[in-house]
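This report refers to the structure that appears directly beneath it.
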Amino acid sequence: MREEIQNIRNEALAQLIEAKTADEVERLRIIYLGRNGKVNKLTKKLKSLKTQEKKEVGSLLNDTKDTLIFQIGKRKNQLKYGVRQWFDPTIPGKKPVIGHLHLITQAIEEISSIFEKIGFTRVRYPEVEWDYYAFESLNMPKDHPARDVWETFFVDSKKDKKYGQMVLTPHTSSGQIREMERIKNPPIRMINIAKCFRRELDASHTPMFHQFEGLVIDKDISIAHLKGTLDYFAKNYFGPERKTRLRPFHFQFTEPSFEVDISCGICKAKGCKVCKEGWLELGGAGMVYPSVLKNGGIDPQKYTGFAFGWGVERVVMMKPGLNIPDLRLLYSSDLRFLRQF
Ligand code: FA5
């Protein structure tokens with residue numbers, strides 16, 4: 001009976017190869033696998049065999065049946081759709097690889113939520129902006145040397161009488177006047193997070209980066225409020241032991257102006273190989289210049305305010321445990337790097 005099974009198998013497979021249409025294949029299916037087909041007839045014969053033989057021959061017959069079912073389905077698909085592979089819809093699918101948000105997007109969400117907890121509202125302003133908002137209204141008239149620091153990309157646009165030429169925003173401070181114009185009557189508590197652009201490229205500078213800009217304007221706002229806000233952020237983002245320090249600096253649009261440092265997480269401000277003297281530089285800050293308030297339509301006799309602007313990439317680089325040595329890695333699209341976060 002084994003030989004009979006092999007013969008039926010070989011005969012069926014040979015005929016399948018010869019078949020030219022799906023209908024011919026269907027006919028072969030009935031001949032071999034139909035209720036009165038050759039395979040079923042052999043199955044009936046199994047009864048007459050002894051137990052052990054019945055087991056072995058039965059298993060061979062089952063294999064043959066499975067092979068014929070598979071090959072008949074495959075041939076039918078080939079002839080019907082020209083598909084080489086037989087498609088089995090019952091096979092479990094392959095799970096797609098699930099990605100995650102970019103490290104910088106995660107940081108932006110974290111920074112927003114830290115400031116939102118103390119009443120700041122996240123806003124967004126144009127990233128292709130008028131010269132007026134990026135420079136003029138912030139006490140940097142045309143040809144002022146202070147502009148050089150911003151390494152600006154100018155857009156080849158028509159010049160507007162009041163607003164000048166268009167630029168790619170070199171800093172989020174361009175949102176200060178826009179926010180004053182939008183809110184009109186303080187209090188203002190803005191956190192503006194946006195892309196910025198400068199003609200710079202090295203391990204700690206990229207031509208496109210992100211800044212987050214805080215602006216608070218209300219009655220009697222002082223440097224103490226600025227310092228408290230910066231400390232609150234440093235403790236929530238970097239860790240509860242971290243402190244901030246203000247160092248005198250100069251920006252055209254704030255007076256007094258500061259560079260903000262954060263205590264080194266490794267040596268706790270004592271001084272080590274990484275930070276040298278205990279502190280790491282974070283970004284700029286200061287009290288909003290009265291003429292800037294005026295440009296935004298706010299009375300500097302009634303209101304005062306503070307502002308700060310830091311790089312998102314820089315604070316990510318300084319986050320404990322991350323140790324990112326080169327800012328350019330963030331935008332290299334190298335998945336081996338990005339998948340770590
Ligand atoms: C400014 O851009 C000011 N607008 C900050 C400010 C806001 C001062 C409000 C006062 C009040 P500065 O040019 O230093 O300042 O840039 C601030 C931060 O942006 C830097 O400390 C750095 O973290 C980040 N940054 C600047 N250029 C780049 C760059 N090319 N790539 C990555 N990060 C940068």
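When a ligand or atom number is given, it counts from 1 through the structure's own listing order. What you see is a predicted model; the values in this text were computed from it and never measured. One-based numbering along the sequence shown.
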Please determine if G311 has a nitrogen or oxygen closer than 3.5 Å to a nitrogen or oxygen of ligand 1.
yes
So which bit of P207 gets within less than 4.0 Å of ligand 1, heavy atoms only: side chain, backbone, both or neither?
neither
What protein heavy atom sits nearest atom 30 (N) of ligand 1, and how far away is it?
E200 OE1, 2.7 Å
Can a donor-acceptor pair be found between the side chains of Q106 and E110 at a distance below 3.5 Å?
no
So for A285, does at least one of its heavy atoms come nearer than 4.0 angstrom to any atom of ligand 1?
yes
Looking only at distances, can you tell me whether any N or O atom of H171, backbone or side chain, sits closer than 3.5 Å to an N or O atom of ligand 1?
yes
Within the 3.5 Å criterion, strictly below it, is a donor on R75 or Q78 matched to an acceptor on the partner's side chain?
yes
Could you see which bit of Q211 sits under 4.0 Å from ligand 1, with heavy atoms only: side chain, backbone, both or neither?
side chain
Between L226, L282, V260, which is the residue that forms a side-chain contact (heavy atoms from CB on, under 4.5 Å) with F308?
L226
Answer yes or no for K142 and F135: cation-pi contact, defined as NZ/CZ to six-membered ring centre under 6.0 Å and angle to ring axis within 45°.
no
Could you verify whether a donor N or O on one side chain and an acceptor N or O on the other, from Y133 and E181, lie under 3.5 Å apart?
yes
Which of the atoms in ligand 1, numbered in the order shown and given with their element, are less than 4.0 Å from a heavy-atom of G283?
21 (O)
Quick one: look up the protein heavy atom nearest atom 22 (C) of ligand 1 and list residue, atom name and how far away it is.
R314 NH1, 3.3 Å
For residues 286-299, which side-chain N or O atoms pair as donor and acceptor with protein atoms under 3.5 Å away, sequence neighbours left out?
{"unit_1": "S291", "atom_1": "OG", "unit_2": "N139", "atom_2": "OD1", "d": "2.9"}
{"unit_1": "S291", "atom_1": "OG", "unit_2": "N139", "atom_2": "ND2", "d": "3.2"}
{"unit_1": "N295", "atom_1": "ND2", "unit_2": "S137", "atom_2": "O", "d": "2.9"}
{"unit_1": "N295", "atom_1": "ND2", "unit_2": "S291", "atom_2": "O", "d": "3.3"}
{"unit_1": "D299", "atom_1": "OD1", "unit_2": "Q301", "atom_2": "N", "d": "2.8"}

Is ligand 1 under 4.0 Å from a heavy atom in the side chain of E281, in the backbone, in both, or in neither?
neither
So for F306, does at least one of its heavy atoms come nearer than 4.0 angstrom to any atom of ligand 1?
no
Compute the minimum heavy-atom distance from T172 to ligand 1 and say whether it is under 4.0 Å.
no
Return the residue, atom name and 0.1 Å-rounded distance of the protein heavy atom closest to atom 9 (C) of ligand 1.
E213 OE2, 3.3 Å
Run the contact test for V149 against ligand 1 with a 4.0 Å cut-off on heavy atoms, strictly below, and give the result.
no
Contacting atoms of ligand 1, where contact means under 4.0 angstrom from a heavy atom of A307
9 (C), 11 (C)
Distance to 0.1 Å, residue and atom name: give those for the protein heavy atom nearest to atom 5 (C) of ligand 1.
G309 O, 3.6 Å
List every atom of ligand 1 that sits less than 4.0 Å from any heavy atom of L282, numbering the atoms from 1 in the order shown and giving each element.
21 (O), 23 (O)
Verdict with reasoning, L103 to L338, per side chain to side chain contact (heavy atoms under 4.5 Å, CB included):
CA-CA 7 Å; L103 183 56; L338 294 173; 5.5 Å; no
Could you tell me whether K76 and E26 have a side-chain N and a carboxylate O separated by less than 4.0 Å?
yes
Can you pull out the closest protein heavy atom to atom 31 (N) of ligand 1? Residue, atom name and distance to 0.1 Å, please.
T206 N, 3.1 Å
Write out the residue and atom name of the closest protein heavy atom to atom 15 (O) of ligand 1, then the distance separating them to 0.1 Å.
F251 CE2, 3.5 Å
Protein contact of atom 13 (O) of ligand 1 - nearest heavy atom, named by residue and atom, plus distance:
R198 NH1, 2.9 Å
For F308, atoms of ligand 1 separated by under 4.0 Å from a heavy atom:
7 (C), 9 (C)
Quick check on ring pair (Phe, Tyr, Trp, His ring centres under 6.0 Å): which of F253, F251, F197, W310 does H171 satisfy it with?
F253
Ring centres under 6.0 Å, that's the criterion: do F233 and F120 meet it?
no
Short version for F253: what comes under 4.0 Å of ligand 1, heavy atoms counted, is side chain
Would you mind checking which non-hydrogen protein atom is closest to atom 33 (N) of ligand 1, with the distance to 0.1 Å?
F209 CD1, 3.4 Å
Test item: R245 side-chain N/O and D261 main-chain N/O as donor-acceptor pair under 3.5 Å
no
May I ask whether L79 and I30 are part of the same hydrophobic cluster, defined by side-chain heavy atoms of I, L, V, M, F, W, Y residues being less than 4.5 angstrom apart, directly or through others?
no
For F209 together with Y331, are the ring centres under 6.0 Å from each other?
no
